[in-house]
Novice: 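Let me begin by handing over the structure; questions about it come next.
Proteins get letters first, then strands, A, B, ... in listed order; numbering begins at 1 in each. Not measured: the values here are computed from a predicted model.
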Amino acid sequence: MVSDLVPWAVTALGGVAYGLLLFVVADGLALIVGVMNVMNLAHGASYLAGAYLACWLADGTLTGLAVAVLAGIAAAAIAGAGLSVLLKPLAGHTEQAAVTLGIGFIASWAFTRLTGGNTLSPPRPAILDGHLSFAGHGYPVYDLTFIVLAIPLAAGMYLIVRRSMAGIRLRAAVDDPLMAAAQGLSVARIRTIALATGTMLAVTAGVLGAPVIGPGPGVDSHVLTLSLIVVILGGAGTNIRALLTSALLVGMVENIGVATVPALASFSLFLIVIAVLVVRGHRQAVSAA
Amino acid sequence: MSTVTAITPDAINAARPPLLQRASANRWRRPRQGVAVAAAGLAVVLPAITGRYVVTLAATAIILALLAMSTQLLAVAALPSFGQTAFLAVGAYTAAHLADAGLTDGLLQLSGATLAAALAGAAVAPVVLRTRGTTFLMVTIMIQGLAAAVALHWTSVTGGDEGVDTPPVTLWPGHPLTEAAYQYWYALAVLAACGAGIGWLMRSRLVLVLRGHAGHEPRMAALGHHPTIGLGLGYTAAAAIAGAGGALLIVVNQHAGPADLGFGTAAAGFAAAALGTCLTGTPTMTGALTAAIAIIALRDATGSNGTGPLYLGLLCLTVPYLRPTVLRLHRHWARRSEPTA
Amino acid sequence: MTSHPTLRIPVARLKRMGAALTVVPLLALSGCGGSSLDDTPNADSTITIGAIWAQSGNYTPLGTDMANGFNLYLTTHGNKLGGHPVVVKTADEGDTDDTALAAARKLLDSDRVDVLVGTASAVPTVKIAPKATTLKIPFIGTGGRPSTIKDVSYIWHTSWLSRETGAAIAPYLAQTVKGPVYAIGPAYTGGYDQMGGFIDAFRKVGGKLANAEGDNPNPDAAFATTPYPVTPDFKPYLNKIRASGAKAVYTFYAGGPATKFVHAYRDAGLSDIPLYGAGFLTEGSQLNPDQEGDAATGIQTVLNYAATVPGQDNADFVQTFQAKYPTIPNLYNVTAWDAAALLDQAIAKAGPHPTGETINAAIGTITQINSPRGTWHFNAQHAPEQQYFLREVRKDGRVLSNVVIRNLTTNIAVSAPPAAK
Amino acid sequence: MNTLLHLDEICCRYGAVTALHPLTLHIAAGERRAIIGPNGAGKSTVLNAIAGTAPLATGRVVFDQQPIAGLTPASRANRGIGRTFQHPGVVDTLTVADNVALAVHLPATPPSGGRRRARDTRRAQVTTALNNVGLEAHATKPTEQLSYGQRRLLEIAMVLAAEPRLLLLDEPSAGLDPHEIRNLAQLIRALPDDIAVIVVDHHLPLVFALADTITVLAAGRHIATGTPHNIRTNPQVNDVYLIPTPQQRPTSHAVDLDVLASPSWPSNPELRTSSEPAPQPPVVLQVERLRAGYHGAPVLHDIDLTVTSGAIHTILGRNGAGKSTLINTIAATHPALPGTQIRLDGIDLPPGNPTRTARHGVALVPQGRHLFASLTIREHLALAARHARRHGRPPGDVRWTTDDALDLLPALRDKLGRYPAQLSGGEQQMAALARALLTSPRLLLLDEPTEGLATAVVDQLTHAITRIADQSVAILLAEQNQHLALAVADQVSVLDHGRIAFTTTARTLHEPATRTRLNDLLGVTTTGSPS
């Protein structure tokens, strides 16, 4: 009996790891959409950049991984700030989306040129390489570590947004930018920081998640679509709990769901989004934007 | 293929109700007509002066132009859509199935594709129109993704990743349209007809209502315009335009497959509409058409060695910054031609 | 502001600008050829070859390998094929049949090539074939050949038939594996051909599958399918294998999904269940340490080539190859090399002014090609009649490589594809 | 007369705030009804409940014998309910004529002659509608080029072109000049007799000139309904809305003195007045030639005013006089037009930069409170306190702590963990005030702090505001509630038609001549029809 449940438990664990990875990426996107009201179509490219960075810098040691994370954060901060400068003079949603789309195109072209278009799988730090076995069902140690890392990351995000002064300022800027400015907050700076942080989260997710969703052509639009689904379900902005819930839901659907009903594997998420939209009222969806 | 500049009146023009004809406006009629006629002439004789490759590219540009115009019609209603390829797909597969059933007549396929896409649009509209702005953009990306997944996996209808091969269309029985030049002329004629239709639409009350909704939705509701109905009709019309593009895809490719309606095509259609808006300052059909041609020329012709995405990316990254300049020019010219009041 | 009537002036100007913007590139392009209504083939002694190599997207590594193999033959043969100087025009295959068709159109319609070579993916062949046939230009395919292609009169493949790889290993597996075999592959044409070829042959020789009903939404196919082109995560699919009681797994993946699959297989703790696959699972750059690396060790695959294939032809080829490139040659290098070798012979036979039509006729007369994989000849389907090898991934010196461990039964009878899918 | 519209015990809530307590009204066909009351009385909410843009908590709306409470705004419009918005609801991106064309509905079966005929009919109707409001010369203009008043007229033309049976006018005179108001009154008077009109407006002459019946609301409750004469003489109405009747006017100062002497006003006028002869306190805010407007049409012209340290300068004015615009322009949350000069402690404030303005020591309590929905009250206060630490002014200045603020506004003490939506209107207002205080401002801008609040809460706020001033904070207070305004003010300016019409100090405030002038300017006269 127990042995019947093991495959499901292992699959569910996979769903958790996958969901947490998506949470980190989608949280970044939610921040950008929520604070800037910009649909960042290059967000998937940020993940991809992080994942490639992991491949170049990872050398099978924890130090290598740490270096990759730090390098990613530094690069993302610069890129995010640059992007905010690029987006500043543009007014409409469509133009901003077009510019980020263009950046996405150029990035994926450059990645293919630099990597030869291979789907890479970076070496995992030696002590995290290998798998644990549950009644013959393996589960990679790295993914488990990722879960262990991502939970405090999610908790940290939650605490930062809910408890810290930075989070208070962020929420104030999302709720009412003009009033936030009248309180002495520099809304322009908060926006730049939000964009940089959002990009940073995507890049960090890429660095840490490269062994889970490895870098390769097409991964950018795939990650973008998945994180969009999370943001649509969980709402743009600063509601970490809702985002985490929907990210885990997506992770579960992508794991347990596809194993149960393979026929629906490719549609299930889209159908969920549409069902949610039908159920949820117009007003809520608009205010989420 | 620039005939369409003559046939497709743009939003700027359409915004002018008939009772506001101005004598001074006629002064500008002639040079504009001249350009339009020249462009139309060039479009018509294109197969005689260039090779098959350019002609086929031009036909491809016409398909992208229809997709872009479909997107642009929604942009007029301030709805940024990334998902019009879904209706291109509905049109293409409908035409393919008609052809499979032995109905190779081009006009029949065109009307079938347009109708099916319109029906699909009407079915989807109530769902997507629960959102506006950035959320609408995100939801239409979902629609695109769903359509691509359906095309890939609903094998019994779509032929899966291989798609559906179709016999060439015929315009009169027994004469299949196989020559690139004839396919192009047919596509051009369809574009001209669609352009005329869109031109009529842009002057119609529907587009006025769409622009009203874009400008002040509560006011429109308070005048008795149901947002879901007005925008839903607009969404349906936009879907129909994309469906016509789908029918042309079958003419040019004799094939419908998921590759023609993936993220790349959707992105190109979205970019064409967005860049078109930047080129003319406001969402216009002329702008969408011009941008579609530019995208095909850059991405497919110049960038055929894998640099296509780079060129398209650079285009997306530069053109939006032209818009303030364009708007300034508009204002400048508007002031200069203002009659001394 | 949109509705101001006086805006007509700038619009007119913009339109003129727009028209100019449009016309200029078109006129520039039109230099590529005369009227589209008057298409006559080139008739000088230089042969123009159109090569569709993937330069963007998932197939880029394969495209690069093929280009390297083809160019290597040319440079080592004085840039001449059959005594004629050769010009190679390339175009990007891209990720989809859509982009591949655009590339074929450019080469056929704009560059007016005499011969078309290329494509890594099998799928675009279906779209390119009718176009090449209409124009009477031979198309030498270097990637897979889908089972759905109809008219092969101008279509030749130096590679393989998609259904035959699996068929070649089926008898061996039925014989050596003591128990049922679990079949898993991607849900697209290539996957259905490759896995279908294996399953049909495997059942014919009495093999038993471990797959449960419902592993594949398509009732006609018995193998477990994973989404394509992007498989987010193989774990949920692999978690079913243990419970199925399988004694071995057979699979077909290529490129990025192959890398992911090999890692996921090891991570799922399935190392005690032997993994067999079509050779693409471990071919080309896949064995690089930053791709499959050590995770691939011990995987046995079936393919019509490996760098360790015995024979002088192969030894010479490997030496020539490694003099120029740092990698171990792979099948993709060889199919493209063979395409050049084939054209070398055919053009020599096609008369003083070879055209697409005469070259195609000459290809039909060639009885034998001396390839690094061993000599082969075309069968009735215009695909190679060739030897298959069982290979295992082993450390060969410092690098991993596919080491041939035995020849597989020749004269594979590839069963006909299902009538309609 | 048959009832066209019947509101049956309707009640509206926004979060914890009840905007409208159960209200029952009957409007007869062709009736001209006005709804008046102080800001926050729930007047606009009534209109929104009828038009379908405010959700009903309870109650029924019956129009033409049909219940319509479940219908969308569009369906209600199609049944014959037309409305205007507080800010003119016109589509800026369309031409004037196109705006009207959107309103013209044609019968489903076109008249004989088909489409062309239908189009001609529509064209004719557009032209007629524009002629009616005198905008025919602007037909081809983009709407964004119209002035504020013209946009108002255009909106009315649109609504009329839709041929409503019930017309809801929300503050139609706001932002119009006297000439435009006169035109507006003529326009509404000339409406066909079968159109019922409900008008919400602060311009009492206009209201009295138009209405058959007047309903008075205050703080979401019904006070009285009656003929204009009844309303004018109703003492209860006078109490909430301070409409001085002609009879009262000569002795109006007595009323005000009563108010000032009332124990419910905790400030000590003697004390405040006695501080006057003391050495001149430093000028904190100095505004010169301030100009601001909307859509290029100036609303404020050449405003000069000063506020000294520890003083309360009250801006009085009718609704639409530009009080909020003035407050927001000083806070830089609304752009000033060129030439404006705003100095704080002698330093020029950067134009159009609310962040830097705030950092110089300007705190804003805006109309409508504008609390942050996802921040608890404690977080609001923490955000403000951090600002003060980071951008605090030189030592020696008063530094407000959370405890100071809670001592001043004790009602907040046990509400710190709540979100704004969980607070009553009064508590929200106190939170907004506390948030402003914790930035330790030099200048506090208060925009209608008593709007929609119960008297007891107003008392607490009044007390708090005077105590704040005692800490040498300069306060600029925009108010409609004359009770509050006059009780606390050291200086009073009256804003009329975008200009400072009159400034007086607390000392001269009680002189009868000053009071008369004040009442005249505040438009509380009932004589003189607008026509």
Novice: Please walk me through it: do A:Leu185 and D:Leu383 pass side chain to side chain contact (heavy atoms under 4.5 Å, CB included)?
Specialist: CA-CA 9 Å; A:Leu185 299 189; D:Leu383 182 70; 4.0 Å; yes

Novice: Go through it in stages, so that I can follow the logic: the residues are D:Arg386 and A:Arg169, the test is side chain to side chain contact (heavy atoms under 4.5 Å, CB included), and I'd like the CA-CA distance, side-chain angles, deciding distance and then a yes or no.
Specialist: CA-CA 10 Å; D:Arg386 178 203 156 277; A:Arg169 303 171 65 191; 3.3 Å; yes

Novice: For D:Phe372, run the side chain to side chain contact (heavy atoms under 4.5 Å, CB included) check against A:Ile168, A:Val174, A:Asp175 and tell me which one passes.
Specialist: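 Of A:Ile168, A:Val174, A:Asp175, side chain to side chain contact (heavy atoms under 4.5 Å, CB included) with D:Phe372 is met by A:Asp175 alone.
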
Novice: Let me know if D:Thr357 has heavy atoms under 4.5 Å from chain A in its side chain, its backbone, both or neither.
Specialist: neither

Novice: For residues A:Ala182 and D:Leu364, report the shortest heavy-atom separation together with the two atoms involved.
Specialist: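 Of all heavy-atom pairs spanning A:Ala182 and D:Leu364, the closest is CB-CD2, 4.2 Å.
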
Novice: Decide side chain to side chain contact (heavy atoms under 4.5 Å, CB included) for A:Met179 and D:Arg435; before the verdict, give the C-alpha distance in whole Å, the side-chain angles of both, and the deciding distance to 0.1 Å.
Specialist: CA-CA 11 Å; A:Met179 195 56 220; D:Arg435 170 179 68 177; 3.3 Å; yes

Novice: Answer whether the closest heavy-atom distance between the side chains of D:Glu379 and A:Met165 falls below 4.5 Å.
Specialist: no

Novice: Quick one: CZ on D:Arg356 to OG on A:Ser186, what's the gap to the nearest 0.5 Å?
Specialist: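 One gets 10.5 Å once the value is rounded to the nearest 0.5 Å.
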
Novice: Does any backbone or side-chain atom of A:Ala188 lie under 4.5 Å from a heavy atom of chain D? Answer side chain, backbone, both or neither.
Specialist: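 No part of A:Ala188 comes within 4.5 Å of chain D.
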
Novice: For A:Arg189, does the CZ atom have more than 12 heavy-atom neighbours from other residues, nucleotides or ligands under 6.0 Å away?
Specialist: no

Novice: Can you tell me how far apart OG1 (A:Thr238) and CG (D:Leu375) are? Round to the nearest 0.5 Å.
Specialist: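 Here the rounded value is 9.0 Å.
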
Novice: Name the option with the most non-hydrogen atom pairs under 4.5 Å to chain A; the candidates are D:Ala382, D:Ala331, D:Ala332.
Specialist: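 Of D:Ala382, D:Ala331, D:Ala332, D:Ala382 has the most heavy-atom pairs under 4.5 Å with chain A.
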
Novice: Measuring heavy-atom distances to chain A, does D:Ala363 have an atom under 4.5 Å in its side chain, in its backbone, in both, or in neither?
Specialist: neither

Novice: Treating D:Thr355 as the side-chain partner and A:Gly184 as the backbone partner, does any N or O pair qualify as donor plus acceptor under 3.5 Å?
Specialist: no

